[in-house]
Structures are given as structure tokens and as C-alpha cells.
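Report on the following structure.
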2 protein chains.
Amino acid sequence: MSAPIALHPVPIDKLRVACSTCGLRELCLPIGLSDEELGKLDHLVTLRRSFRKGTNVYRAGEPFDALYAVRFGFFKTTVTAADGRDQVTGFSMAGELLGMDGIGTDKHTCDAVALEDSEVCVIPYGRLEEMSRELHSLQHHFHKVMSREIVRDHGVMMLLGSMRAEERLAAFLVNLSQRFTARGYSPSEFYLRMTREEIGSYLGLKLETVSRVFSKFQGEGLISVQQKHVRIIDIPRLRELIGQRPC
Amino acid sequence: MSAPIALHPVPIDKLRVACSTCGLRELCLPIGLSDEELGKLDHLVTLRRSFRKGTNVYRAGEPFDALYAVRFGFFKTTVTAADGRDQVTGFSMAGELLGMDGIGTDKHTCDAVALEDSEVCVIPYGRLEEMSRELHSLQHHFHKVMSREIVRDHGVMMLLGSMRAEERLAAFLVNLSQRFTARGYSPSEFYLRMTREEIGSYLGLKLETVSRVFSKFQGEGLISVQQKHVRIIDIPRLRELIGQRPC
DNA sequence: AGGTCACGTTGACATGGATCAAGCGCGGGA
DNA sequence: TCCCGCGCTTGATCCATGTCAACGTGACCT
């Protein structure tokens, strides 16, 4: 069992190939397009691909020719150093875009791996550039998506560069909670798709430390954890931990 | 004295307002444009701005409306957490682009500060979008620049998430060396424009640690340091430290 | 020329998180 | 239903880096 606990979930069964009828259009690339523009986008995105848990969407070094919009499921992206160590650089869920690392060199520079059975829409990159010359709001929105990725990365640098283990994990949980909320799932109860080791890699910690901090948070009544099932009990205090007003 | 030690430097005194005659055109936004296209770009970039050491190009929260191409000088970018801690996210030198963090939200999300007297070309963002609809290679190159920024950020995550202090500083020095080389300066001898504290913030280390590792490298004959003046003696061994073949 | 101050170095000590090691629990397969 | 193995938890110990403190040094101001 790895589906999230749905409160008012996006109706996945009603998704169709076309962006114009996709339940994710408010989260994904089509944000802000008019109906007419959306119709044009349907010609851009025609192919879907499924990935079983553990399989790669792409690998570092492979030629780049498309971006991938996550339709459902969960992915991690990892970079590998010259000496073989790897580092998780992010986790992607429905409506998020994979593959932007490849534009700069025409080769992918990281691996994208499905953490559960998942599906993506394939966005041929050349067509995206063509079409964004025509549709100004597509162009602008695509730029925004890339820019937000840069801003997200800055947040991770802050996390890795100047936060302590507890703050990192709190930030991670708060971030997941927000993203699940935006997708119509519970803000306080969800299944982690990644292992402790993957969380640790992302947060610059060892898996034992991740496990210990989970236990500590549980002991303090902030969350309850049982393997991959997490329930957040006290979001305001988690937010305080990372220096945000409870809000 | 803070100018780099020039071997065959880009002739700064010959730079003009126009991209078409700018000595940085092989490093900056115009890469790959034809002469005719370059001429059009001259209408995009018409304004230059100077910044004294310590002044801001922009601050987090300010409205975003332009990108800035570094003409000469040196900048740092920093993000500030809710609780006031800040984190250096990068250092920028001639030919590099500042401000892409602002596209996503129409507000800047970090501060950009001159580390020495510097100058930038102002690229009004709306005009850049317009013009990149017309000039395909400008569009593509701009996408590449953003993508490379994402890839660079992944490298920093790797550094912060899974390297030890010595590896981080070695990677930092090798990276600076490469960038100076690309600009026609000595690969092995340069002045650091940033303090130990800024290096430390960027690398997720305290300034004392940075200082100690510099001293250690010096003791091992890898480099010689005297305040901000660094001479790299053994690049191959520095590369080995970060797991790269000496190359 | 001398004073001042920001920046850098170095030492002694503290500690958060890593490492090493043992055992547990749950899901999947036969 | 039982077994197996991966992933998780927890404890004991270690060590890289942080912290605190003192001092050095070069640049700039007057």
C-alpha cells in the first residue's frame, strides 16, 4: 500500500492525454493558458510513459531531448560524483517537471528514478521551444518553472549549509506536507515513498540520524511515524523549528 | 590591489556598450549568435550600471524586472532564512548572469552584492522574452544558461551533502581556477575577493575550518596562501582530492 | 608614522552526527 | 503459514568540525 491518503484527491481516473482536460493543469506546464492556447498545447504533449518502481526515466550521460511532466507517482533525482558517491537532489511528484538539467549540455546530468509505479507526459523539448515562441504565456511560465527550480535549489543549499539535523528534517516534512496539500491530499498524513537512506542523502545526513530524529520528533509529540507512514501532529511547532512563524 | 593576475586578459578597456563588440561575447548571453543577430541584441542591452564594493545589485523581496550580466568585478549571492541566518549561494564573475531567481515570482529571492567595484549590463527581462521569440539561438542559449545554473546548484548540493571539508575547499579552488582560466587569467594564481566567512558560508563550513584547511593544504605543498592571495601549486593532487582523475 | 579595525590564524576543548554493531519487523515469495 | 531479506531502529563509541578565545597582520585613516 503506497497510495497517499486522499481527502479530496485529484481525480486521477479522469485524466486524459490532452493537457486541456488534465486534472493537473493548474499545477503543471499549462498554468495560465487560455482555452485556445491549451488546445494548441495538446499537440505538444501527446506521449505518455509509465515507469515501474525502481526504473529510470533517464540516466546521467544520456542524450537529452525531452522534459517529463509527472502525471502520477513519485520520483527521485540523483547526481553521481566522479568517485561514485551519489546525492539525491530532489523528489518529484504530480505536476512537477523532470529533465531540465539536460538543456544546458544536451545530455542529462542526473538520474531520475521512479520510487513507485508512475507515469509521465513526454514533452519533446524542441517542440516546447517552438511553441513557446508562439504562446507567450507558455514561454513565460516555462521560464518561471526553471527559475523556481533554481530558487528551490537555493533553499536546499541553505538547508545543507546552515541547518542542523532536526531543522533539516522538519523543513523536509513541512515541504512535503505543503506539496501534498497543494495536490488535494492530507497535509498531516502521508506515506513516504523514499527510504531513510534517500531522505538522508537529500538532507546530507546518514540514515541512522534520520531514523533517530524521526524517533525524537515522535517522542516529543510532533509527529507519529511507523515505517513509511507519517502523521504530522504539530505543524506549528515543526515550523518554529525551522524559524518560520507558525502561520 | 584586487585585480587578478593577468596572463592574457580579456581587454577590458576595449569593452563597449554593444554586445556585438563586447570582449565577453563568447562567455555571455550572445554565445552562438550570428553577426546580424548580435546587432539586434545591441538594442536589448543598452544600460550599464556600476556598483561599488559592498553595494547591492538587488535585494530579496524587491520587484524583479531585469537580469544582469557581469561585465567586470565580482559578486556574491545570498539567501536569508526566516530566522536571519544567511547562506552564500554563489559567486559570479565576468560573463555570468545574475537575477534568474526573480523570474519565478516576479520578486528577487536573494541578495546580490558586489565584492569589489564592479559593472553589469542591464537586460530588461520583458525585452529578453520578446527578443528570444525572434532569435531562436538567443532563446535556446538563455535556456541553456538557466539549465546550467540548475546543474551548478546540483554540484553544490553534492558538495554540501556528501563531501568533507578538505574536499569542499579543493572543489572550490579547482572551480575558481577553471573559471579564471576561461577568462584568460592564470589558472594557478589569483586573489580571492571573498572573506573566509563567505567561503565558509558557501561551503557549509565555519571560517576557522576554512582557514585551517587552507593552512593544511599549504603545509602539504598543494597551494600557497597569504591572506587573499592564492597560488595553486599542485592542481592534479587537488583534483584527486575531489575524486576526479588529474586530467 | 601611528592607531585602529576588520580579517585571518591558531590552539584548546566541546559536541553533533558518523560509524560500527546488534537486533527487530514487515512484506513478499514459496 | 513460514521463512527470508531489506529497511528500520537503537545503543555505544569515535571523530570531524564547531565553538570559544587569544593573538597576528595588513589596509586604511588621520
Side-chain angles (χ1 to χ4, degrees), chain A residues 1-3 52-54 74 76 85 87-88 113 115-117 159-173 191-220 223-231 241, chain B residues 1-3 52-54 74 76 85 87-88 113 115-117 159-173 191-220 223-231 241:
Chain A
M1 172 55 182
S2 69
R52 308 302 302 235
K53 179 173 175 170
F74 216 90
K76 69 170 176 182
R85 276 179 291 195
Q87 167 77 27
V88 172
V113 181
L115 296 181
E116 61 183 356
D117 292 355
L159 194 127
L160 292 171
S162 43
M163 291 177 129
R164 292 149 18 78
E166 292 175 28
E167 298 173 309
R168 295 184 199 188
L169 197 67
F172 175 72
L173 290 172
Y191 284 89
L192 300 172
R193 272 70 169 185
M194 66 296 278
T195 65
R196 299 292 188 262
E197 187 172 16
E198 287 161 339
I199 297 173
S201 172
Y202 181 60
L203 299 178
L205 302 170
K206 292 292 159 182
L207 68 94
E208 293 95 331
T209 304
V210 173
S211 182
R212 274 185 245 274
V213 176
F214 269 131
S215 300
K216 179 155 191 276
F217 282 174
Q218 178 158 249
E220 292 169 344
I223 64 174
S224 101
V225 225
Q226 218 182 336
Q227 305 283 105
K228 296 198 142 83
H229 179 223
V230 173
R231 192 159 55 87
L241 256 181
Chain B
M1 174 52 184
S2 70
R52 308 301 302 238
K53 180 175 176 171
F74 216 89
K76 69 170 175 180
R85 274 179 292 195
Q87 167 78 28
V88 172
V113 181
L115 295 180
E116 63 183 355
D117 293 355
L159 193 127
L160 293 170
S162 43
M163 291 179 131
R164 293 152 14 82
E166 291 174 30
E167 298 172 310
R168 295 184 199 188
L169 198 66
F172 175 71
L173 289 172
Y191 283 89
L192 300 171
R193 271 71 170 185
M194 65 297 277
T195 65
R196 300 292 189 262
E197 188 172 16
E198 287 161 339
I199 297 172
S201 171
Y202 181 60
L203 299 179
L205 302 170
K206 291 295 160 182
L207 67 93
E208 294 94 330
T209 305
V210 174
S211 183
R212 274 185 246 274
V213 176
F214 269 131
S215 300
K216 179 156 190 275
F217 282 175
Q218 178 159 247
E220 292 169 345
I223 63 173
S224 101
V225 225
Q226 217 183 334
Q227 305 283 110
K228 297 197 143 81
H229 180 221
V230 173
R231 192 159 55 88
L241 256 181

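Labels below follow one simple rule: chain letters A, B, ... track the order of the sequence lines, proteins then strands, and each chain is numbered from 1. Values in this document were obtained by computation on a predicted structure and should not be read as measured data.
- The NE2 atom of B/His229 sits 13 Å away from the P atom of D/dA27 (whole-angstrom rounding).
- Salt-bridge check for A/Glu208 with A/Arg212: failed, with every basic side-chain N at 4.0 Å or more from each acidic carboxylate O.
- Distance, A/Lys53 NZ to C/dG27 C1': 10 Å, rounded to whole Å.
- At least one donor-acceptor pair under 3.5 Å links the side chain of B/Ser201 to the backbone N or O of B/Val88.
- Proximity of A/Tyr202 to A/Lys76: side-chain heavy atoms (C-beta onward) are nowhere separated by under 4.5 Å.
- Salt bridge status for A/Lys53 with A/Asp117: absent, with no side-chain N to carboxylate O gap under 4.0 Å.
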Along nucleotides 6-20 of chain D, 5' to 3', which nucleotides get a B, which get an S, and which get a -, given that the test is a protein heavy-atom distance under 4.0 Å? -SSBBBB----SSBB
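- Side-chain atoms of A/Arg231 do not come within 3.5 Å of backbone N or O of A/Ser224 as any donor-acceptor pair.
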